[in-house]
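Structure record follows, encoded as structure tokens.
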Amino acid sequence: MSRPLWVVALLKKVYSSRFLFARATRISAVGRLLDRWLFNGDGLIFLPKDQAVRRISVNQSIDQADDVVVPSHVVEHFIREATVHWIMDFCLCRAAEGCENYPIDLGCLFLGEAALKINPELGRRVTEAEALEHVRRCREAGLVHFVGRNKLDTIWLGVGPGHRLLTVCSCCPCCCLWNVLPHVTPRISDKIQRMPGVTVTVSGPCVGCGSCMEGVCFMDAIRLQEGRAVIGEACKGCGRCVDACPHGAIELAIEDHQSVPDAIAHISTLVQLD
């Protein structure tokens, strides 16, 4: 049964407590319970911003347009494969935080037949072309996609089954729910992965200014060591630090032509759209 509007209003009020719940998952018994209740069967991939990719596949010239790996092609593949496209009229995270930096009206895109059960007061069914335009607008606004199966969405929206709902969320660095990832138990945070084949390295003239850290890396994966930024293993490869570095010292590379097909294949094992 789809959720009434009062549930959405309640979620907005308790949203500021998300870090408290996240830290509670570090308690072993609580973490196991919440993992089974809220995240069972999940698998999500963060997609780098297209413009953050500064190097393409091994030994390929940037002039060979057909060889360029474009992360947003993962989202576009599923939009074209789906028969049901449904856009939220607002982003719950940004609405709850009263975001002033990114558009609140650019909500999640849901694909799959389970989306037909979403309360129609929360959004609308759209065409394939409208869905493609929506994600393009999200990228132009500086938002970062993550895509996959997300049980939280089936719960708060009151829809299912989970394997019939694919989430395409477009996240900002300030309000996104997944800012809690550094605080949750690894059994939950490990379900959100970087795109296959993505590497993020500090390869240029880093001066240790810290511009890539505060309010940029939602995983707290960047630290300063001996006056130079270091990218840790916790990095999910979103690419925001690439844009934030004023000296062009951080490079995001996708070194394998199979990155997009591998991401699509992984997500396809979790969600069925046909």
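Count residues from 1 along the sequence.
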If we only count heavy atoms from C-beta on, is the Val8 to Leu92 side-chain gap below 4.5 Å?
-> yes
Output, in order, the C-alpha distance, side-chain angles, deciding distance and verdict of side-chain contact (heavy atoms from CB on, under 4.5 Å) for Val168 and His145.
-> CA-CA 7 Å; Val168 179; His145 296 315; 4.2 Å; yes
Atom pair SG (Cys206) and CD (Gln225), whose distance is rounded to the nearest 0.5 Å = 11.5 Å
Closest heavy-atom pair, Ala82 versus Leu273, reported as atoms and distance to 0.1 Å, is CB-CD1, 4.0 Å
Determine whether Phe110 and Leu166 make a side-chain contact, defined as any pair of heavy atoms from C-beta on separated by less than 4.5 Å.
-> no
Trp156-Asp153 side chain donor-acceptor pair, cut-off 3.5 Å = yes
Decide whether Ile155 and Val14 are clustered together by the hydrophobic rule: side chain heavy atoms of Ile, Leu, Val, Met, Phe, Trp, Tyr closer than 4.5 Å, transitively.
-> no
Evaluate the side-chain contact (heavy atoms from CB on, under 4.5 Å) criterion for residues Cys235 and Arg194: first the C-alpha distance (whole Å), next the side-chain angles of each, then the deciding distance (0.1 Å), finally the verdict.
-> CA-CA 8 Å; Cys235 169; Arg194 74 170 71 180; 3.5 Å; yes
Less than 4.5 Å apart, any side-chain heavy atom of His134 and any of Val126?
-> no
Are any of the side-chain heavy atoms of Lys151 and Leu38 separated by less than 4.5 Å?
-> no
For Gly237 and Val200 the tightest heavy-atom approach is CA-CG2, 4.0 Å
Please assess Arg32 against Asp35 for the test side-chain contact (heavy atoms from CB on, under 4.5 Å), listing each intermediate value before the final yes or no.
-> CA-CA 5 Å; Arg32 287 196 303 272; Asp35 179 29; 5.7 Å; no
Same apolar cluster (I L V M F W Y, side chains within < 4.5 Å links), Val242/Val144 | no
Within one Ile-Leu-Val-Met-Phe-Trp-Tyr cluster: Ile250 and Val216, side-chain cutoff 4.5 Å | no
Measure the shortest side-chain to side-chain distance between Leu33 and Arg36 over non-hydrogen atoms and say whether it is less than 4.5 angstrom.
-> yes
Is there side-chain contact between Leu47 and Met195, with heavy atoms separated by less than 4.5 Å?
-> yes
Within a strict 4.5 Å, meaning less than it, do heavy atoms of the Leu5 and Leu122 side chains meet?
-> yes
Given the side-chain rings of Trp178 and Phe146, with only the six-membered ring counted for Trp, is the space between their centroids under 6.0 Å?
-> yes
Would you give the length of the straight line joining atom CG of Asp220 to atom CG of Leu181, rounded to the nearest 0.5 angstrom?
-> 10.0 Å
Is the closest side-chain donor-acceptor distance between Arg125 and His85 under 3.5 Å?
-> no
So among Asn101, Leu143, Leu106, which one has a side-chain contact (heavy atoms from CB on, under 4.5 Å) with Cys172?
-> Leu143
Interatomic distance, CZ@Arg3 vs CG@Leu157, rounded to 0.5 Å, equals 8.5 Å
Keeping the roles fixed (side chain from Asn179, backbone from Pro173), state whether a donor-acceptor pair exists under 3.5 Å.
-> yes
Cationic N near anionic O, under 4.0 Å, Arg139 to Glu76 | yes
Please name the pair of heavy atoms, one in Ile222 and one in Met213, separated by the smallest distance, quoted to 0.1 Å.
-> O-CE, 3.5 Å
Cation-pi between Lys12 and Phe90: NZ/CZ under 6.0 Å from ring centre and within 45° of the ring axis?
-> yes
At their closest point, which heavy atom of Ala114 faces which heavy atom of Pro161, and how far apart are they?
-> CB-O, 3.9 Å
So His183 and Phe19, would you call those rings parallel, tilted or perpendicular, with 30° and 60° as cut-offs?
-> perpendicular
How many angstroms lie between atom CZ of Arg240 and atom CG of Leu252, to the nearest 0.5 angstrom?
-> 12.5 Å
Trp86 and Leu111: CA distance, side-chain angles, deciding distance, side-chain contact (heavy atoms from CB on, under 4.5 Å) verdict = CA-CA 6 Å; Trp86 206 95; Leu111 306 175; over 6 Å; no
Interatomic distance, CZ@Arg26 vs CZ@Arg187, rounded to 0.5 Å, equals 12.0 Å
Pair Phe21 + Tyr15: ring centers closer than 6.0 Å = no
Nearest heavy atoms of Ala244 and Cys212, plus distance in Å = CB-CA, 4.3 Å
Arg136 with Glu140: basic N within carboxylate O range, under 4.0 Å = yes
Same apolar cluster (I L V M F W Y, side chains within < 4.5 Å links), Leu10/Val159 = yes
Are any of the side-chain heavy atoms of Leu109 and Ile79 separated by less than 4.5 Å?
-> yes
Interatomic distance, Ile118 atom CD1 to Thr154 atom OG1 [nearest 0.5 angstrom] | 10.5 Å
Check step by step if side-chain hydrogen bond (donor to acceptor under 3.5 Å, both in side chains) holds for His163 and Arg149.
-> CA-CA 7 Å; His163 71 281; Arg149 181 172 172 176; 5.3 Å; no
Run the salt-bridge test on Arg18 and Glu97 with the 4.0 Å N-O cut-off and return the result as yes or no.
-> yes
So, for Ile188 and Gly31, which heavy atoms are closest and what is the spacing to 0.1 Å?
-> CD1-O, 4.4 Å
Same cluster or not: are Val84 and Phe78 linked, directly or through other Ile, Leu, Val, Met, Phe, Trp or Tyr residues, by side-chain heavy atoms under 4.5 angstrom apart?
-> no
